[in-house]
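Just so it is clear, the values below take in all heavy atoms, side chains as well, and ignore hydrogens, waters and symmetry mates. Counting starts at 1 for both ligands and their atoms, in listed order. None of the values given here were measured: they were computed from a predicted structure.
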Amino acid sequence: MTAIAFDNSYARLPERFFSRRLPTPVTRPGRIRVNHTLAAQLGMDPQWLESPEGTAMLAGNALAAGSDPIATVYAGHQFGSYNPQLGDGRAILLGEVIGTDGVRYDIQLKGSGPTPYSRGGDGRAPLGAVLREYIVSEAMFALGLPTTRALAAVSTGEQVARESFLPGAVLARVAKSHIRIGTFQFFAARQDHEALTLLVEHVLARHYPDALAEDNQALALLQKVISAQASLVARWQSLGFIHGVMNTDNMLLSGETIDYGPCAFMDGFDPEKVFSSIDHGGRYAYRNQPGIAHWNLAALAQALLPVLHPDQEQAVALAQTAVDRFPDQFQQAYAAGMARKLGLVEPGETDTALVEEFLSLLAGHKSDFTLAFRRLADHASDGAAPGVGDLFEFPDAFLPWLARWRQRLATQPGTPARRQAAMYAANPVFIPRNHLVEEALRAAVDQNDYAPFNTLVDLLAQPFTYRADLARFAMPPRPEEEVRQTFCGT
Ligand code: AMP
Ligand code: MG
């Protein structure tokens, strides 16, 4: 057994934060994929992780020295209704390691068997859901977004019972921490102010150490999380990413994207778009995401009230002021992100309208969101880079807008070639399109063929570099390939 330098700070918190629980061994652990670069960043030997011993650990069949496995407890608002007791029902935190970047990371197994928080669930994960999370979370990382990551996926040799029997798998997930808004809600609901105070300190120390010196730590934390989420959700919007299940237990204090269940990237632009099979009211539709984030942050503020100020009225005033800043912070981050996508390094007053008009043209023509922005970058200069003109060209209705955009672009500093390079770096060409993800999952689940999965993961690691030989992966689905719904995969 190779050494992994675990240092488990969450497991050192009081017992009421978690339950000690070992993963439940699986019948036949089989390696699917190990993320070599991430393993190295975590100070782990990728070769060892690929060995039978490493695979056994990743399946939950063997425990690495220093690991102190726990299931953490939390609550949360799911689709707007409060559930006082959730928790890691099918995930076990093996422990934490300090990466070569000096940052502390959680190593968690997802699909590792039941825990005291399983609420009747089997604690397992179907292979398809594990591969989806692997593909999309790693794509998000390559796109430059804060996100949980996939260290490895292993098969279990067991079946899980869902609508039908499906092969099971375990994902080794890595996050700066798995502490959620729902973690705070759990203790607030119990009026456990001591736990709230401990949790505030813990999260500040891990994610926002510069705020530890603030007089009001709880307020500093709230402000930090509001900023982090404003910039995160702005990034989602700028990529056409729909999270799909923005419950308060699925929002991390670290500001990383978590829970790749029913998520998807849009193909044709439609602000009302929803993919999740269980989101009947469209609560988590694309255009609602900033508003829902705001709502969730208000829930965090509410949970923090007892530690924001001893006087309740003053606590409410502090919380309200902090939460009220979210819309502006989001707008700023979003405007800056969209300006970058349009090649505008020095954004001005009229740019908001320019963006809005472009988006309404896209919506009117149901144009492919990703390719339209990428094609704009082609138009920014007569550069030599291979463009996506074979895959997408603007309809004539865009010509007046394109003319105005070119005029605006000409006022920007730098050469056309530099502007174009910046736009290529802001507008990906390869995203985890739903039909490609589905194709990779089908091959693995139905034919035990992991080649499409591996191809997709490799390709999505370079999302900003177009290669004409990979054009198939940049294209939107043909009508018969279109995936309209994604399933929660629980
Ligand atoms: P999610 O929808 O994935 O955010 O999960 C919501 C809650 O249900 C979390 O507390 C999960 O741990 C729990 N859960 C989801 N799937 C399972 C399962 N198969 N077995 C036990 N608990 C589960
Ligand atoms: Mg969740």
Side-chain angles (χ1 to χ4, degrees), residues 17-19 21-24 26 60 69-93 106 108-134 136-137 140 147-150 156 158-171 173-175 177-186 189 242-254 256-264 274-280 283-284 292-293 296 299-300 485-490:
F17 283 71
F18 52 80
S19 299
R21 179 82 194 196
L22 295 178
T24 308
V26 304
I70 58 174
T72 72
V73 69
Y74 51 86
H77 278 94
Q78 299 179 302
F79 291 92
S81 11
Y82 185 66
N83 192 327
Q85 163 92 63
L86 294 164
D88 296 326
R90 55 163 168 172
I92 287 174
L93 179 63
D106 277 4
Q108 189 200 58
L109 297 185
K110 182 172 171 185
S112 48
T115 76
Y117 313 118
S118 297
R119 298 175 299 142
D122 59 4
R124 293 301 186 187
L127 173 63
V130 165
L131 298 184
R132 169 181 287 276
E133 177 158 349
Y134 196 122
V136 186
S137 66
M140 292 285 268
T147 176
T148 66
R149 299 197 58 190
T156 61
E158 294 172 3
Q159 301 269 298
V160 293
R162 295 296 182 263
E163 306 83 37
S164 56
F165 282 94
L166 299 166
V170 178
L171 180 77
R173 178 161 71 181
V174 173
S177 84
H178 285 85
I179 301 164
R180 306 140 193 274
I181 291 180
T183 315
F184 283 82
Q185 290 181 295
F186 177 84
I242 303 175
H243 181 280
V245 59
M246 289 177 71
N247 296 333
T248 59
D249 55 308
N250 291 333
M251 263 187 129
L252 296 184
L253 277 281
S254 68
E256 298 171 292
T257 310
I258 189 172
D259 201 319
Y260 292 92
C263 64
V274 179
F275 287 99
S276 168
S277 59
I278 56 168
D279 188 359
H280 303 298
R283 179 180 170 90
Y284 299 143
I292 291 290
N296 289 349
L300 175 63
Q485 275 195 343
T486 50
F487 295 90
C488 230
T490 45

**Study point:** N-O pairing of Asp259 and Arg173 below 4.0 Å
**Key:**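 Salt bridge flag = no for Arg173 with Asp259.
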Review point. Which one of Arg180, Arg162, Arg119 has a non-hydrogen atom at the shortest distance from atom 7 (C) of ligand 1?
Key: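 Minimum heavy-atom distance to atom 7 (C) of ligand 1 goes to Arg119.
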Practice item. Would you tell me which option among Gln85, Lys110, Arg90, Arg124 has the nearest heavy-atom contact to atom 15 (C) of ligand 1? Key: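 Comparing heavy atoms across Gln85, Lys110, Arg90, Arg124, the nearest one to atom 15 (C) of ligand 1 lies in Arg90.
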Exercise for review: With side chain to side chain contact (heavy atoms under 4.5 Å, CB included) as the test, would you mind laying out the steps for Arg124 and Arg90 before giving the verdict?
Suggested key: CA-CA 6 Å; Arg124 293 301 186 187; Arg90 55 163 168 172; over 6 Å; no
Check your understanding: What's the OD2-the Mg ion (ligand 2)-OD1 angle here (Asp259, Asn250), rounded to 10 degrees?
Key ->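 The angle at the Mg ion (ligand 2) comes to 80°, rounded to the nearest 10°.
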Does any N or O atom in [X] lie less than 3.5 angstrom from one in ligand 1, N or O only?
X	value
Asp88	no
Leu86	no
Tyr117	no

Exercise for review: Assess Gly123 for proximity to ligand 1: is some non-hydrogen atom of it under 4.0 Å away?
Suggested key: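 The answer is yes: ligand 1 sits under 4.0 Å from a heavy atom of Gly123.
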Practice item. Work out whether the distance between some heavy atom of Asn250 and some atom of ligand 1 is less than 4.0 Å. Key: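 The answer is yes, since Asn250 has a heavy atom less than 4.0 Å from ligand 1.
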Practice item. Would you sort out whether Asp88 and Thr72 count as a side chain to side chain donor-acceptor pair (under 3.5 Å), showing the intermediate values? Key: CA-CA 6 Å; Asp88 296 326; Thr72 72; 2.8 Å; yes
Review point. Considering only heavy atoms of Tyr74, which atoms of ligand 1 have at least one such atom less than 4.0 Å away?
Key: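 The atoms of ligand 1 under 4.0 Å from a heavy atom of Tyr74 are 9 (C), 10 (O).
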Review point. Does the ring center of Tyr284 lie less than 6.0 Å from the ring center of Phe79?
Key: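 Yes, ring centres under 6.0 Å apart.
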Practice item. For Pro126 and Arg162, work out which heavy atoms get closest and say how close. Key: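 Looking at all heavy atoms of both residues, the closest pair is CD-NH2, 4.2 Å.
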Check your understanding: Do Tyr260 and Thr148 meet the criterion of a side-chain donor-acceptor pair at a distance under 3.5 Å?
Key ->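 On atom types as modelled, these side chains do not qualify, holding no pair under 3.5 Å.
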